[in-house]
Amino acid sequence: MLYPQSNPYRQVTDLAGFWELRFDPEGQGDQAGWANGFEGGRPAAVPASWNDQFEDWRDYLGQVWYQTRFSLPWGYDTARQSISLRFNSVNYIAEVWLNGVRLGQHEGGHLPFEFEVTPHVLPEGNLLVVRVEGELKPDRVPPGNVPLDPRFTFANQSYPPASFDFFPFCGIQRPVLLVAVPNEAIADLTVTTEISGRAGLVRVKVNRFAGDAAIARVSLRGTSVSAETNVVNEAEVMLTVPEAALWSPDSPNLYDLTVELACNSATLDRYSLPIGIRTIRVEGDALLLNGRPIYLKGFGRHEDFPVTGRGLVPAVIVKDYALMKWIGANSFRTTHYPYSEQMMDLADRLGFMVIDEIPAVGLFFAEVGLERRLSVCRQYVQELIARDKNHPSAIMWSIANEPHSRLPAAKPFFRNLYDLAKSLDSTRPITLASQVGVDEESFEFLDLLCLNRYYGWYTQSGQLDEGLPLLAAELDAMHEKFAKPLIMTEFGADTIAGHHAQPPEMFSEEYQVEMLTRYFGLFRSRPFVVGEHVWNLCDFKTSQSVRRMGGMNLKGVFTRDRRPKLAAHRLRELWNK
Ligand code: BDP
């Protein structure tokens, strides 16, 4: 799935703006035919979550209707082009109508979907209606409203009752794009790279929508490297780049790959894609980038900001990368759902390694709804790999965060997802972030271990002296049992900015510093630990509960408005040593 772009053969228009929105708690819109348009909407910004835009619907997750009108921009031509609508992210279920024609629906909040609209779109006065619904349900992923069970404490005690620890923001949260491509367009590109001596080998698979035989010319701008092949539906070429400038966090070199499709000397289509030449693999106890051991320093994060909720805010993306660079991080995990395409593009450009996670947080394995949860997760794996497979920054797939894996059904569930992911992409390691550690049976086949732990916080509270040896013992036990490298994907302490204590006490800035410093010391003494991701880059909004003062998770090293706590300065020292 190629991200839309504009060039002499393609066109993309962002439908961002003030749409109209109507909350529909009684479900009257279905009977009243709001799919054909409705009166009485209030202005709502798209893209953005709806929750923080209004003071009267913050916790509402039920049905809402959005609508907007648009004209076909100059240059769009339904006779010669295929026109589609692409939604980058709508949480959670979206159903879409154009001019009263139902286009389809999509489940899942953080991955793109599109509908072809060529036969339905008018030159002027198009009416686009989207029904969105974000209820928390046990058979959705991520789940919510899970029946009472003491093991699922977030679900028991929080409002809204999510089975995960971040606010369940809803709405049209990323851009909606009107896209035109030529009828015979390039449908997809798949780029994989290898290193041979000092050369880079770039394999490019070209897929086309229907059309007569054409020639695909593949080249790297600024080099003399190119190749061409005949293509009807699918074809592959291999480029050899002598003296290749590899992609890595220290030097995130990108090449501009251009694919041009031509027939009888007429160019039909062109697509340009920044690519990085790099390899990533697990060998023994090490994670190797370009054949050399690499250590991940960074964070779990959230797409979260006041007022816009989980909406795309490009300035916040730039700011977060600036803070991560300043502090010395080289990586992050897309906790707990895929981040925007824009975030991934900048990771490529700025040199961040990304553990790319599907939105499978809070998974549980009770039989009811299990099959449905699996099929939704399979859909997520397919959509994520289709979206992000060409990013050099995406170094690993994560197929879950903290599943409640103690039931026997967990292992076959993850085996299924692992096999699917491997069949779609054999080049990247696959993992999950575990809360059951040594009992996570799926680590027998997953490529690498990821562990989340809060010794000195949720357990051994306030007693790092007690907690650290337990963590050490657990790391060793996991290494002993699975003999694979391990990334510490979460650890941290809630910290009230400006609250101080000596001796360090929970919630003080000093305690966060003390905990992170001690954890780091432990990781350095275990060579099989290949990464440390602090929880969290910034404070972030959650549901309300007794564990979340002000409906906030305060484990940020920066505040929600991106100001450093003491720990930010400490991490900067440690990571820049
Ligand atoms: C872990 C979860 C993460 C939470 C964190 C915490 O993976 O989403 O926010 O704990 O409690 O269990 O702060």
| query | Taking the six-membered ring for Trp, are the ring centroids of Phe23 and Phe54 within less than 6.0 Å of each other? | reply | yes
| note | Hits for ring-ring contact (aromatic ring centres under 6.0 Å, His included) against Phe18, two or more places apart or cross-chain, chain-then-number order -> none
| message | Test: salt bridge (Lys or Arg N to Asp or Glu O under 4.0 Å). Region: residues 411-421. Which pairs qualify, not counting sequence neighbours? | response | Lys411-Glu444, Arg415-Asp419
| task | Tell me, please, which residues at least two apart from Asp139 pass side-chain hydrogen bond (donor to acceptor under 3.5 Å, both in side chains). | result | none
| Are Lys565 and Asp539 close enough, and set up right, to give a salt bridge (Lys or Arg N to Asp or Glu O under 4.0 Å), and what steps lead you there? | CA-CA 10 Å; Lys565 300 179 188 173; Asp539 293 346; 2.8 Å; yes
| request: Using a strict cut-off of less than 4.0 Å between a Lys/Arg side-chain nitrogen and an Asp/Glu carboxylate oxygen, indicate whether Asp561 and Arg563 qualify as a salt bridge. | output: yes
| said: For Phe528 and Phe482, I'd like to know if the aromatic rings sit close, meaning centre-to-centre distance below 6.0 Å. | reply: no
| Residue pair Trp397 / Asp425, side-chain donor-acceptor N/O under 3.5 Å | yes
| query | Residues in side-chain contact (heavy atoms from CB on, under 4.5 Å) with Asp30, at least two apart? | reply | Gln63, Trp65, Arg131
| note | Residues pairing under salt bridge (Lys or Arg N to Asp or Glu O under 4.0 Å) where one sits in residues 296-314, two or more places apart or in two chains, turn out to be Arg174-Glu303, Arg301-Asp320, Asp304-Arg560
| field | Qualifying salt bridge (Lys or Arg N to Asp or Glu O under 4.0 Å) pairs with a residue from residues 504-521, counting only residues at least two apart or across chains | value | Asp465-Arg518, Glu514-Arg518
| Centroid-centroid distance, Tyr454 to Trp457, less than 6.0 Å | no
| message | Under the rule for side-chain hydrogen bond (donor to acceptor under 3.5 Å, both in side chains), what residues qualify as partners of Ser405, not counting sequence neighbours? | response | Glu440
| Asn91 side-chain N/O to Phe169 backbone N/O, donor-acceptor pair under 3.5 Å | yes
| request: Enumerate the residue pairs fulfilling salt bridge (Lys or Arg N to Asp or Glu O under 4.0 Å) with a member in residues 344-367, sequence neighbours excluded, ordered by first and then second residue. | output: Arg333-Glu357
| said: Could you check whether Phe164 and Tyr337 have their ring centres less than 6.0 Å apart? | reply: no
| remark: With sequence neighbours left out, the residues meeting side-chain contact (heavy atoms from CB on, under 4.5 Å) with Arg570 are Val513, Thr517, Glu573, Leu574
| For the atom pair CD (Glu135) and SG (Cys170), what is the distance rounded to the nearest 0.5 Å? | 8.5 Å
| Partners passing side-chain hydrogen bond (donor to acceptor under 3.5 Å, both in side chains) against Tyr519 (at least two apart in sequence or in another chain) | none
| field | Steps toward salt bridge (Lys or Arg N to Asp or Glu O under 4.0 Å) verdict (Asp388, Arg428) | value | CA-CA 12 Å; Asp388 286 353; Arg428 290 174 177 88; over 6 Å; no
| task | State which residues pass ring-ring contact (aromatic ring centres under 6.0 Å, His included) with Phe540; sequence neighbours excluded, sorted by chain then number. | result | His302, Trp535
| said: Under a 3.5 Å cutoff, is there a donor and acceptor pairing between the side chains of Tyr418 and Asp447? | reply: yes
| request: Go through the structure and list residues passing side-chain hydrogen bond (donor to acceptor under 3.5 Å, both in side chains) with Thr542, not counting sequence neighbours. | output: none
| Which heavy atom of Ala567 sits nearest a heavy atom of Val557, and at what distance? | C-CG1, 4.0 Å
| remark: Nearest heavy-atom contact between Leu449 and Met478 is CD1-O, 4.0 Å
